[in-house]
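Here is the naming used below: chain letters follow the sequence lines, and residue numbers restart at 1 for every chain. The basis for the numbers below is simple: all heavy atoms, side chains too, and nothing from hydrogens, waters or symmetry mates.
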Amino acid sequence: MKNIRYVFYPQSIAIIGASREPNKIGNVIVKNLVEGGYRGKIYPVNPNTEEILGLKCYKSISEIQNSVDCAVICIKKEFVLDVVQQCANKKVKSIIMITSGFSETGNEEMEKKILSICKQNEIALIGPNCMGVIYTKNRVDSVFLPVYKMGRPKIGGISFISQSGAIGGCILDLAAYYGIGMNKFVSYGNGKLIGVEELLEYFESDNETKTLACYFEGIRDGKRFINALDKCTLRKPVVVLKGGKTSKSAKAIASHTSSLMGNHSSFRAVFKKTNTIEVESIDELFDVVKVFMQPKIKGKRIGVITNGGGLGILVVDKLVENDFELSEIPQQKREELRKIFPSELNIENPLDLLGDANTARFEVALNTMMNEESVDAIIVCLLLQTISLDATIINVLVRTNYFSKKPILIVAVGGEYTNSIVRVLESNNLPCYPSPERAVNALRKMYDYYENLNHRLSGNRKN
Amino acid sequence: MITMRILITGCPGTGKTSLANKLIELASDSDKIAVKNRETKNLLKKFSLKIISLNDIADEFSLYEFYDNLTESKVVNLEALERVTNTVLDVEEDNFKSKKKKKKNSKELLIVVEGHLGAEIRIRKISKVFVLRTNPKELEKRLLEKGYGKKKLSENINAELVDYFTIKSEKLYGRDRVIELDTSSKSVNALAEKLIKHLKNQKNRKTKKTKSISWANVFNTEIEFVKKHLL
């Protein structure tokens, strides 16, 4: 499906069903494109209006003189078939169909007709029953949620394929709030023409996407799915949240995206075999995706720095449970540190800098761990509630992170003040976690991914 | 040493262009303008000064990829800028050298490259990098005066808060080449003198490690300000 690229890289977008009324989907989409700064041509289409948000409105797509790379359709389903035919006549290269009420409500016939027109004319069809597409770099934004209700993430390397618009919306909003950069987002809805299979194939060779996240409920073509996943995971980490694991959710899925959910234990086997990272919740999806902003982890030896004894201990417990090791601090380093740190400070791993630790103490500890060959990754627990640790820690962490060749993860548990610091850290590519177990879990998933990848690349596939 | 290349970089609004212009003014007319320090004056006289603005290079060679409506800025093709800038600098030096031969000019060439993009591209043979720093609250005022919109404003304030330009410069050019200058309240004259003093030390191979500048106090005392600019 070579025309998929026009969904993300269109020179022109027509919004069929554009509207002047502020609360209509057709208005939100035009507004997001105009105000979001999309650089291509925008053609609102609505037979009853002359102009929308200062743009000339067209009676129909055929009235547009220039070519149209992408048509976003958000009209009543009764008119969709006609409009799709008009798009085909106009030689539109891709369609994003927001309109719902097709196979997910039992209306198979009409969906089949739409699919057949798109297939015949090589139109890349996203949807129907989808939430739209975002590409942060050129500001393509056909997601119909208004910006004041759902933030738009900055440019980054994470892309997200979601069968569900809702899950997509949650992740995008979280990423925007915490300043985590994203690349492309696509909600594909019923996905009968372009589903998870085709999108995995597309994202495998999309070099701007460094990490791929994926939510789906069912697949159409098992063989193709496994094959695509197998190839994609060789190029980049793929983090998957699968909806519908119980028999009860099967019915809900049928009316949601009309997918066949399949047997979950077979999916699990596929994920294992293809080195796909499976997660169980939205939180975990977000946790794991952001750990990959960090450099590769190359071994199991972890250094822990904390200014709160209890936090450090909980991290160690979780590390041991997850089969990690604690790095040994060499004797010579210990002696060097002994001269700098107060005498009551125990130079061990976890390195407890004590309750009166300030930024300077953290800086010494961080530099030691960063330069120490026996440390493969660093977990920093920040108890930001203490009087001696102030926000200067941000500058030290951001700087260390820029120069670090190993992953640094932050554990910071707290309320509003902590959260505001966390937002600054995350927007500077430092992944933060609200509990020790969530940080260690993310690190473990990262470790497993690279470990298995190495095996696969060296030909010793681990099953 | 016949030629020397230095870079003035830092967040938009920290006063790079003003400082570069001041250097030109001082060099071209160093007898008339009151430069307090005699040594500074003598040093300036030894140099033939050439200012290269990275924004001008991007303009002249049309190195823009597109105009970004959201951040109200032209997006520069950094690879191209790096290539063109390095070539421009080499050509400048070659011209100077061949002229020097003909005219028996005793002056040395000082090339000052100026622009915030200096922290994004690798310019060859830079001997000193001056990173201009301005207190984010003062910077906010200056950028608002320049008519910056919300998004562009916050992006820059955030970068300044976390020492972005210093860190990037240190990564590109090495820690010992980077010197920070606080431009929050100092006059341009004083800054220019300070910069020249550093160059003199550089010539005499006296390098003093300067204290690094941090706005971490803004994080501590102005958390509402920081929150306002979270992207």
Side-chain angles (χ1 to χ4, degrees), chain A residues 11 32-40 42 136-141 147 151-156 175-181 358-360 363 384 387-405 416-430, chain B residues 64-75 77-78 119-120 131 133 135-136 149-152 154-176 178 180 211-231:
Chain A
Q11 301 280 339
N32 289 347
L33 285 169
V34 172
E35 291 177 3
Y38 168 63
R39 290 190 308 280
I42 306 170
T136 50
K137 225 166 164 182
N138 65 1
R139 321 271 189 224
V140 162
D141 183 347
V147 175
R152 299 308 199 259
K154 65 179 188 192
I155 301 171
Y177 182 76
Y178 286 101
I180 290 181
N358 56 7
T359 298
E363 193 171 12
L384 287 159
I387 189 76
S388 49
L389 186 64
D390 64 15
T392 51
I393 189 69
I394 294 174
N395 296 66
V396 168
L397 282 167
V398 170
R399 169 177 287 271
T400 312
N401 190 38
Y402 262 103
F403 288 95
S404 173
K405 292 191 176 73
E416 205 185 326
Y417 177 78
T418 297
N419 196 43
S420 55
I421 303 270
V422 160
R423 284 177 67 191
V424 180
L425 291 174
E426 293 214 312
S427 67
N428 284 287
N429 301 330
L430 275 154
Chain B
Y64 297 111
E65 282 183 345
F66 56 84
Y67 182 82
D68 188 340
N69 294 331
L70 203 61
T71 55
E72 306 154 72
S73 45
K74 290 183 250 179
V75 176
N77 180 336
L78 292 174
E120 308 287 349
V131 180
R133 305 293 310 269
N135 185 305
K150 164 88 183 85
K151 181 123 181 142
K152 196 179 181 186
S154 293
E155 245 176 41
N156 284 303
I157 298 279
N158 268 305
E160 184 61 18
L161 270 168
V162 298
D163 316 320
Y164 177 82
F165 289 91
T166 309
I167 296 174
K168 289 286 279 198
S169 301
E170 287 181 355
K171 222 177 161 180
L172 279 169
Y173 302 103
R175 256 180 208 200
D176 46 351
V178 175
E180 294 179 292
K211 202 175 172 302
S212 58
I213 293 170
S214 157
W215 309 123
N217 266 336
V218 179
F219 280 123
N220 282 332
T221 54
E222 308 271 359
I223 197 75
E224 288 309 315
F225 173 82
V226 174
K227 273 193 195 162
K228 185 173 86 184
H229 288 298
L230 277 172
L231 294 169

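Atom NZ of Lys137(A) has 12 or fewer neighbouring heavy atoms from other residues, nucleotides or ligands inside a 6.0 Å radius. At most 12 heavy atoms of other shown residues, nucleotides or ligands fall within 6.0 angstrom of atom CD in Gln11(A).
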Show your reasoning for whether side chain to side chain contact (heavy atoms under 4.5 Å, CB included) applies to Ile167(B) and Phe403(A). CA-CA 9 Å; Ile167(B) 296 174; Phe403(A) 288 95; 3.8 Å; yes
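Interface residue Val226(B): only side-chain heavy atoms are found under 4.5 Å from chain A. For a residue to count as touching a neighbouring chain, one of its non-hydrogen atoms must lie under 4.5 Å from one of that chain's; by this rule Asn428(A) touches chain B with the side chain only. For Tyr38(A), the part sitting under 4.5 Å from any heavy atom of chain B is the backbone (N, CA, C, O) and nothing else.
Checked for salt-bridge contact, Lys227(B) and Glu416(A) meet the test: a charged N lies under 4.0 Å from a carboxylate O. Arg399(A) has a carboxylate O that lies under 4.0 Å from a charged side-chain N of Glu170(B), or vice versa, which qualifies the two as a salt bridge.
Of the candidates Leu161(B), Val162(B), Asp163(B), Val398(A) forms a side-chain contact (heavy atoms from CB on, under 4.5 Å) with just one, namely Val162(B).
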